[in-house]
Peer 1: 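My questions will all concern the structure given below.
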Amino acid sequence: MKYIVCLFFIFAGCKSLQHNDILLQNKSCFNKELKEWKNGFNDFDLIEFKVKDTLHFDNNSKQDFSTYQDFLSVYKPIITYSPDSISFIDIYSYQLNLEKKVNVYYAMPDIDQAILLCNAQTKYWNRIYFGSPGQWVDDVSWISKTKFILACTDNENPERQKPFVLLGDMNKQTLIEFIDTNKNCFRPKPGYDSYKLKKIKIEGL
């Protein structure tokens, strides 16, 4: 019995390590697209991140493709496209609820945040994750045509905001959640100003 228990923990540890290796293999994303987000935290090091859970896409808010072009006319500058430009991830539309008038965007913000994934070829356009005032997605980086990173913040303690990462897989429809185990890693100054939002002029934020 002890032998079986030992094997179980060895297997679990190897599985966790394997997942952490996947995150470390994409370290370049945190030195490029997600560099500004990463640099907002003290003592940030991906080696300190461990797997917490595997989540499945929400898939409970299917979008109507009849509104697709209208959506793009407002949000295209700030959505994040996959390398082949077929898919995109939208972290802003639900939360900001923008209205465009000429070259100015007016926001009617919501405290919650729905993360939407769209694939124009397969006609998939649905919610994959729902952020709350306590946990939200700050930024997005694609690592392949079907995999992506959601850079997130845990706001349980507003004065010591902690990073966490969701590694998404379109084919498996899963999000692997990585949490930071380093107690010294936190954001000393609350808030994150995404460079994507600086592409447009927004009133009402």
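All figures in this text were calculated on a predicted structure; none of them were measured in a lab. Computed over heavy atoms, backbone and side chain alike; hydrogens, waters and symmetry mates excluded. Nothing fancy with the numbering, it's 1 onward along the sequence.
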Peer 1: Mind checking the OH-CG spacing from Tyr192 to Leu197? Nearest 0.5 Å is all I need.
Peer 2: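 Answer for the OH-CG pair, Tyr192 versus Leu197, is 9.0 Å.
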Peer 1: Are Lys196 and Tyr92 in a cation-pi setup, meaning NZ or CZ lies under 6.0 angstrom from the ring centre and within 45 degrees of the ring axis?
Peer 2: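 Here Lys196 fails the 6.0 Å and 45° test against Tyr92.
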Peer 1: Assess whether side chain to side chain contact (heavy atoms under 4.5 Å, CB included) is satisfied between Asp110 and Asn97, documenting all intermediate values.
Peer 2: CA-CA 8 Å; Asp110 194 295; Asn97 192 22; over 6 Å; no
Peer 1: Exactly one of Leu166, Leu175, Asn26 should register a side-chain contact (heavy atoms from CB on, under 4.5 Å) with Phe148. Which one does?
Peer 2: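 So, applying the side-chain contact (heavy atoms from CB on, under 4.5 Å) to Phe148 and each of Leu166, Leu175, Asn26, only Leu175 qualifies.
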Peer 1: Could you tell me the separation between the CD atom of Gln63 and the CG atom of Asn126, rounded to the nearest 0.5 Å?
Peer 2: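 Gln63 CD to Asn126 CG: 7.0 Å, rounded to 0.5 Å.
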Peer 1: Taking atom types as modelled, find out whether Asp139 and Trp37 have a side-chain donor-acceptor pair closer than 3.5 angstrom.
Peer 2: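 No, Trp37 and Asp139 have no side-chain donor paired with an acceptor closer than 3.5 Å.
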Peer 1: Would you say that more than 12 heavy atoms from the other residues, nucleotides or ligands in this model lie under 6.0 Å from the NZ of Lys183, or not?
Peer 2: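 12 or below, so no.
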Peer 1: Can you name the closest pair of heavy atoms from Glu159 and Phe186 and give their distance?
Peer 2: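 Scanning both residues completely, I find the closest heavy atoms to be O-CD1, 4.2 Å.
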Peer 1: Answer with yes or no whether the hydrophobic clustering places Trp125 together with Tyr129; edges join I, L, V, M, F, W, Y residues whose side-chain heavy atoms lie under 4.5 Å apart.
Peer 2: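 In one cluster with Trp125: Tyr129, yes.
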Peer 1: Answer yes if Tyr106 and Ile200 sit in the same cluster of Ile, Leu, Val, Met, Phe, Trp and Tyr residues linked by side chain heavy atoms under 4.5 Å apart, and no otherwise.
Peer 2: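 As far as the 4.5 Å side-chain criterion goes, Ile200 and Tyr106 are not connected within one cluster.
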Peer 1: For the OG1 atom of Thr80 and the CG atom of Leu117, what is their distance to the nearest 0.5 Å?
Peer 2: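 Output value for this atom pair is 11.5 Å.
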Peer 1: Do Asp64 and Ser66 pair up side chain to side chain, a donor and an acceptor below 3.5 Å, judged on atom types alone?
Peer 2: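 Yes, a side-chain donor-acceptor pair sits under 3.5 Å.
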Peer 1: Would a distance-only check, ignoring hydrogens and angles, find a side-chain to backbone donor-acceptor pair under 3.5 Å from Gln113 to Val137?
Peer 2: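 Yes, Gln113 side chain to Val137 backbone: donor-acceptor pair under 3.5 Å.
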Peer 1: Restricting to non-hydrogen atoms, name the atom on Ser132 and the atom on Asp112 that form the minimum distance, rounded to 0.1 Å.
Peer 2: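 Result for this residue pair: CA-OD1, 3.8 Å.
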Peer 1: Is there a path of hydrophobic side-chain contacts, each under 4.5 Å between heavy atoms, that joins Tyr195 and Phe30?
Peer 2: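 Different clusters: Tyr195 never reaches Phe30 through Ile, Leu, Val, Met, Phe, Trp or Tyr contacts under 4.5 Å.
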Peer 1: Which atom names give the shortest non-hydrogen contact between Gln161 and Pro190, and what distance separates them?
Peer 2: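 Closest approach of Gln161 to Pro190, heavy atoms only: OE1-CA, 3.6 Å.
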Peer 1: Identify the heavy atoms of Trp142 and Tyr81 that sit nearest to each other, and give their distance.
Peer 2: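 That would be CD1-O, 3.1 Å.
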Peer 1: Measure the spacing between CG of Asp138 and CD1 of Ile91 and express it to the nearest 0.5 Å.
Peer 2: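 Separation between the atoms: 7.0 Å.
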Peer 1: Should the heavy atoms of other residues, nucleotides or ligands under 6.0 Å from NZ of Lys145 be counted, would the total exceed 12?
Peer 2: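 Not buried by this count: 12 neighbours or fewer within 6.0 Å.
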Peer 1: Could you see if Ile128 belongs to whatever hydrophobic cluster contains Leu55? Use Ile, Leu, Val, Met, Phe, Trp, Tyr and a side-chain cutoff under 4.5 Å.
Peer 2: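 The answer is yes; both residues are in one hydrophobic cluster.
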Peer 1: For the CD1 atom of Ile149 and the CG atom of Leu23, what is their distance to the nearest 0.5 Å?
Peer 2: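 One finds 6.0 Å between CD1 of Ile149 and CG of Leu23.
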Peer 1: Please check if the side chain of Asp154 supplies one atom and the backbone of Glu156 the other of a donor-acceptor pair under 3.5 Å.
Peer 2: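 Pair found, side chain donor or acceptor close to backbone of Glu156.
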Peer 1: Distance from Leu167 atom CG to Ile143 atom CD1, nearest 0.5 Å?
Peer 2: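 Reported to 0.5 Å precision, the distance equals 5.0 Å.
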Peer 1: Name each donor-acceptor pair under 3.5 Å that joins a side chain in residues 41-48 to protein atoms two or more places apart or in another chain, with its distance.
Peer 2:
from  : atom 1 : to     : atom 2 : distance (Å)
Asp43 : OD2    : Asn182 : ND2    : 2.8
Asp45 : OD1    : Ile47  : N      : 3.1

Peer 1: Quiz question: by atom type and distance under 3.5 Å, do the side chains of Asn157 and Lys162 form a donor-acceptor pair?
Peer 2: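 Their side chains do not contain a donor-acceptor pair, so the 3.5 Å distance test is not met.
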Peer 1: Kindly assign one of parallel, tilted or perpendicular to the pair Tyr94 and Phe130, based on the angle between their ring planes and the thresholds 30° and 60°.
Peer 2: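 Correct class here is perpendicular.
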Peer 1: Looking at Asn103, I want to see if its CG is surrounded by more than 12 non-hydrogen atoms of other residues, nucleotides or ligands under 6.0 Å.
Peer 2: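 Check fails, neighbour count at 12 or below.
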Peer 1: Starting from the C-alpha separation in whole Å, work towards a yes-or-no answer on side chain to side chain contact (heavy atoms under 4.5 Å, CB included) for Cys152 and Phe178.
Peer 2: CA-CA 10 Å; Cys152 313; Phe178 295 84; over 6 Å; no
Peer 1: What side-chain donor-acceptor pairs closer than 3.5 Å can you find for residues 70-79, not counting sequence neighbours?
Peer 2:
from  : atom 1 : to    : atom 2 : distance (Å)
Ser73 : OG     : Asp70 : O      : 2.5
Tyr75 : OH     : Leu98 : N      : 2.7

Peer 1: List the steps, then state whether salt bridge (Lys or Arg N to Asp or Glu O under 4.0 Å) holds for Lys198 with Asp193.
Peer 2: CA-CA 8 Å; Lys198 296 175 183 177; Asp193 295 324; 5.6 Å; no
